[in-house]
Amino acid sequence: QVQLVESGGGLVQAGGSLRLSCAASGSIVGIYVMGWYRQAPGKQRELVSTISSSGSTNYADSVKGRFTISRDNAKNTLYLQMSSLKPEDTAVYYCNADVIVWNAGRQGYWGQGTQVTVSS
């Protein structure tokens, strides 16, 4: 019913930048909170950042001042601008959305993930 498709991952040197995107499509009436999570090899998935429908943001301490989350509500698209990247930012980044689905109510969805690799 709803699909989240991430893009923008890749390989970058330490200190570089990347911009991730997550496009939501399907039977969407509205979207509440959207967020980015990441999972490094051998580690649990962790919160990176979230943004509400009104634009209130939240960041993990490890990315504050380096990452910026934003969204385009008209396009149902989420972004993550990542700057001053560090090797420890290497992970698969996942998009998450709290969606109001037509004829199905409120449901949570995950994207398939996009790999971000930061070389030292």
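For Gln39 (side chain) and Ala91 (main-chain N/O), no donor-acceptor pair under 3.5 Å exists by modelled atom type. Formation of a donor-acceptor pair under 3.5 Å by the Arg71 side chain with backbone atoms of Ser52 is found in this model. The main-chain N or O of Gln81 is never found under 3.5 Å from a side-chain atom of Thr68 such that the two would form a donor-acceptor pair.
Across Tyr94 and Gln112, no two heavy atoms sit closer than the pair CE2-O, 3.6 Å.
One distance of note links OG of Ser70 with CG of Leu78; it measures 7.0 Å at 0.5 Å rounding. For the atom pair Arg66 CZ and Ser17 OG, the distance stands at 10.5 Å (nearest 0.5 Å). Atom OG1 in Thr90 sits 7.0 Å away from atom CD in Gln115 (nearest 0.5 Å). Atom CG of residue Asn96 and atom CG of residue Leu47 lie 9.5 Å apart, to the nearest 0.5 angstrom. Note that NZ of Lys86 is 14.0 Å distant from OG of Ser120, once rounded to the nearest 0.5 Å. Atom-to-atom distance recorded for Asp89:CG and Thr117:OG1 is 11.0 Å, nearest 0.5 angstrom.
Listed by chain and number, the residues in a side-chain contact (heavy atoms from CB on, under 4.5 Å) with Val12 are Leu18, Leu85, Val118 (sequence neighbours excluded). With sequence neighbours left out, the salt bridge (charged side-chain N to carboxylate O under 4.0 Å, His left out) criterion links Arg45 to no other residue.
The side-chain heavy atoms of Val116 and Met82, taken from C-beta on, include a pair separated by under 4.5 Å.
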Return a table of donor-acceptor pairs under 3.5 angstrom between the side chains of residues 97-108 and protein atoms on other chains or two or more places apart.
| from | atom 1 | to | atom 2 | distance (Å) |
| --- | --- | --- | --- | --- |
| Asp98 | OD1 | Arg106 | NE | 3.1 |
| Asp98 | OD2 | Arg106 | NE | 2.9 |
| Asp98 | OD2 | Arg106 | NH2 | 2.6 |
| Gln107 | OE1 | Tyr109 | OH | 3.0 |
| Gln107 | NE2 | Ala104 | O | 3.3 |

Contacts under 3.5 angstrom, residues 55-63 side chains, donor-acceptor by atom type, not counting sequence neighbours:
| from | atom 1 | to | atom 2 | distance (Å) |
| --- | --- | --- | --- | --- |
| Tyr59 | OH | Ile69 | N | 2.9 |
| Asp61 | OD1 | Lys64 | NZ | 3.1 |
| Ser62 | OG | Arg38 | NH2 | 3.4 |

Please report, to 0.1 Å, the donor-acceptor pairs under 3.5 Å made by any side chain of residues 25-37, with sequence neighbours excluded.
| from | atom 1 | to | atom 2 | distance (Å) |
| --- | --- | --- | --- | --- |
| Ser25 | OG | Gln3 | OE1 | 3.4 |
| Trp36 | NE1 | Tyr79 | O | 3.2 |

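Applying the disulfide (SG to SG under 2.5 Å) test to every pair with at least one member in residues 89-120, sequence neighbours left out, gives these pairs: Cys22-Cys95.
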